[in-house]
Amino acid sequence: MTLLLIIRKPPFGWIHIVEAVRLAAAAGSLAVPVTLLFIDDGVYCPMKNQFPKAIGYSAIDRFLRMLQNFESKLYVVKESMEERGLTVDDLNPAIPIENIAQSEVGKIIAKNDLVMAF
């Protein structure tokens, strides 16, 4: 089984995003191949210089970094970043993530057995 989590919402203001990233780390620790796809406002999740504890939220970057210890892939959609004025230089360099075109999203979805959107 392979698991794809599509992250569409920003990292703060939604407990769902923290729980989605925790789910990814837990699945990875159980040897389930996990893919995270950051699209729409979800592209803010793997950005650098975030200080969630200052506003009472849990940090997700440690879970994203943890995924590199497992069979996992992380993607961010280039067009979603461009629409928000972001570039690859804004991504957290400690998180291995691939910048992809919107046209690749369907292929990634098709490769996975279970897809969940947050």
Side-chain angles (χ1 to χ4, degrees):
M1 180 185 81
T2 57
L3 173 63
L4 169 63
L5 301 177
I6 300 174
I7 309 295
R8 302 185 70 139
K9 299 202 182 289
F12 311 118
W14 305 90
I15 189 67
H16 304 89
I17 303 308
V18 173
E19 295 307 320
V21 176
R22 286 181 181 166
L23 171 63
S29 72
L30 296 171
V32 174
V34 177
T35 300
L36 267 69
L37 174 68
F38 299 97
I39 190 168
D40 299 332
D41 284 341
V43 298
Y44 291 112
C45 294
M47 296 295 130
K48 62 184 174 184
N49 299 324
Q50 296 188 40
F51 304 100
K53 294 209 185 255
I55 58 172
Y57 283 90
S58 297
I60 63 170
D61 62 324
R62 68 185 170 111
F63 293 107
L64 295 175
R65 288 191 314 270
M66 184 186 307
L67 287 172
Q68 62 191 313
N69 298 321
F70 311 120
E71 186 178 345
S72 62
K73 297 176 186 166
L74 281 70
Y75 299 101
V76 63
V77 176
K78 177 177 66 169
E79 290 84 351
S80 291
M81 289 180 59
E82 289 171 351
E83 289 170 5
R84 288 153 183 81
L86 301 170
T87 68
V88 292
D89 292 333
D90 295 309
L91 293 169
N92 185 333
I95 300 170
I97 190 163
E98 185 178 338
N99 192 14
I100 63 163
Q102 177 77 37
S103 61
E104 298 295 312
V105 171
K107 294 174 191 171
I108 291 170
I109 292 172
K111 288 180 184 177
N112 287 275
D113 300 314
L114 179 61
V115 178
M116 299 175 74
F118 294 87

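We use all heavy atoms of the structure for the numbers below, so side chains are in, but hydrogens, waters and symmetry mates are not.
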Return the minimal non-hydrogen interatomic distance between [X] and [Y], and the atom names on each side.
| X | Y | value |
| --- | --- | --- |
| Cys45 | Pro10 | SG-C, 4.2 Å |
| Phe70 | Ala25 | CE1-O, 3.8 Å |
| Pro33 | Ala31 | CD-O, 3.5 Å |

Hey, quick one: are [X] and [Y] part of the same hydrophobic cluster, counting side-chain heavy atoms closer than 4.5 Å, chains of contacts allowed?
| X | Y | value |
| --- | --- | --- |
| Val105 | Val43 | no |
| Leu74 | Ile108 | no |
| Ile95 | Leu4 | no |
| Val32 | Leu23 | yes |
| Met116 | Phe38 | yes |

Tell me which pairs pass salt bridge (Lys or Arg N to Asp or Glu O under 4.0 Å) where either residue lies in [range], with sequence neighbours left out.
| range | answer |
| --- | --- |
| residues 107-118 | Glu104-Lys107 |
| residues 87-99 | none |
| residues 79-88 | Asp41-Arg84 |

Would you give the length of the straight line joining atom [atom1] of [X] to atom [atom2] of [Y], rounded to the nearest 0.5 angstrom?
| X | Y | atom1 | atom2 | value |
| --- | --- | --- | --- | --- |
| Leu91 | Asn99 | CG | CG | 7.0 Å |
| Ile60 | Asn92 | CD1 | CG | 10.0 Å |
| Asn112 | Thr35 | CG | OG1 | 4.5 Å |
| Ile17 | Ile7 | CD1 | CD1 | 5.0 Å |

Quiz item: In chain order, what residues pass the side-chain hydrogen bond (donor to acceptor under 3.5 Å, both in side chains) check against Glu19, with sequence neighbours excluded?
Solution: Arg22
Exercise. Give every residue pair that meets the side-chain hydrogen bond (donor to acceptor under 3.5 Å, both in side chains) criterion with at least one member in residues 65-77, sequence neighbours excluded.
Key: Asp61-Arg65
Quiz prompt | side-chain contact (heavy atoms from CB on, under 4.5 Å) partners of Ser103, counting only residues at least two apart | solution = Ala101
Self-check item: Sequence-distant partners of Ala24, side-chain contact (heavy atoms from CB on, under 4.5 Å), two or more places apart
Solution: Leu5, Val34, Leu36, Leu67
Quiz prompt | Close side-chain approach of Val115 to Ile6, heavy-atom, < 4.5 Å | solution = yes
Self-check item: Note, Val88 side chain near Val76 side chain (heavy atom, < 4.5 Å)
Solution: no
Quiz prompt | By salt bridge (Lys or Arg N to Asp or Glu O under 4.0 Å) - contacts of Asp40 (at least two apart) | solution = Arg8
Exercise. Go through the steps to decide whether Val21 and Phe118 satisfy the test side-chain contact (heavy atoms from CB on, under 4.5 Å), and finish with yes or no.
Key: CA-CA 10 Å; Val21 176; Phe118 294 87; over 6 Å; no
Exercise. List the steps and the verdict of side-chain contact (heavy atoms from CB on, under 4.5 Å) for Leu64 and Ile97.
Key: CA-CA 10 Å; Leu64 295 175; Ile97 190 163; over 6 Å; no
